[in-house]
Amino acid sequence: MENTLNLNPTSASFAIDPKTNPRALGRDAIQKSVEAIDPLLWKNNWARSQELKLMIESHPLFRHPLIGLLESEDLSNEATKVIHLEFAYAFAQVFTDTIIHAMAGTSELEARLGPLGKVSARFLSQLNLMDELGFCPAPVLNDDYYGSPYHAHYAEFAKTMEQLGVPGMDIYKYSHSEAAEKSRRSFTDQFNDYLLCSSVLACAEQVFTQFAGPWAKSVGKSTNINVSQGYHKIHVEDEAGDFLDDKHSEDTWYLFSQALTENRFEEVKANMENWLDCWNDFCDHIMHVARKLSPKKKPALN
Ligand SMILES: [Fe+2]
Ligand SMILES: [Fe+2]
């Protein structure tokens with residue numbers, strides 16, 4: 001019987017080495033799982049995702065003045081601390097949770113795309129999740145997985161908080177802004193809907209790449225935190241020009257293009273616009289905090 005679900009790699013897929021490029025195989029299997037059901041659907045959905053990428057890139061958030069402020073102004077320790085506390089509540093505490101909920105939500109794909117639909121989505125999401133949880137992609141001699149929970153991105157974030165003077169459980173005593181609450185809900189409200197979960201992840205990965213570098217630079221020059229390691233090192237380009245979040249971002253567009261059905265496109269687009277507006281308000285609030293807590297130094301009189 002013909003294998004209509006493409007459960008075996010095609011000859012082109014065989015050329016991709018699972019030892020060296022599981023990411024490419026994951027993306028390939030995602031695409032194949034959709035093409036096996038409807039050859040045109042993948043092409044249409046990929047075009048839809050490019051349309052949404054352009055929408056994100058042309059939103060004011062993508063060039064928010066906060067980026068310039070982080071690049072150029074010295075902030076007080078207090079401002080940097082409050083920015084991290086706000087970010088913790090709005091994004092850091094729920095980001096990995098969102099990936100995990102999305103991973104569970106891939107069950108929704110099976111009825112429409114069969115076994116490979118579900119498995120390929122889990123496989124590719126797992127690469128992002130492994131990074132977030134502190135695993136590393138380097139090969140090791142003992143042929144086992146490599147990594148440490150102490151290097152999970154959120155653990156690294158918590159270490160940065162301690163360096164900023166927010167020890168242990170004090171992070172939960174902070175009374176966050178309404179803007180942070182709304183941003184957090186832009187993730188948590190999607191937990192039970194796989195398409196919206198993968199949409200918010202795609203949107204967030206793309207936006208975050210704009211802010212991570214300038215934010216790391218700001219922390220490096222405004223505090224005594226060593227940003228050549230830890231949380232603010234993970235999310236910026238390395239010396240070789242490699243950028244973890246670029247890979248995550250592209251992966252999430254593959255996942256999104258697999259999850260999308262034409263009848264929900266307008267709904268997804270409207271949601272994305274709302275999330276971008278919401279995160280834009282969050283950045284406005286952060287700018288206000290930065291300015292209020294880091295008064296500009298007066299020029300010396302002589
Ligand atoms: Fe991360
Ligand atoms: Fe990421």
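Each ligand, and each atom within it, is numbered from 1 in the order the structure gives.
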Can you tell me if an N/O/S atom from His248 lies under 2.8 Å from the Fe ion (ligand 1)? no

If you check every N/O/S atom of His153, which is the one nearest the Fe ion (ligand 1)? ND1

Do Lys247 and Glu205 sit within salt-bridge range, that is, some charged N less than 4.0 Å from a carboxylate O? no

Any salt bridge linking Lys43 with Asp38? Criterion: basic side-chain nitrogen under 4.0 Å from a carboxylate oxygen. no

Charged N-O contact under 4.0 Å between Asp281 and Lys182: no

Short N/O/S contact of Glu132 with the Fe ion (ligand 1) (below 2.8 Å): yes

So that I can tick it off, tell me whether Lys81 and Glu78 are bridged by a salt bridge, with the cut-off set at under 4.0 angstrom between side-chain N and carboxylate O. yes

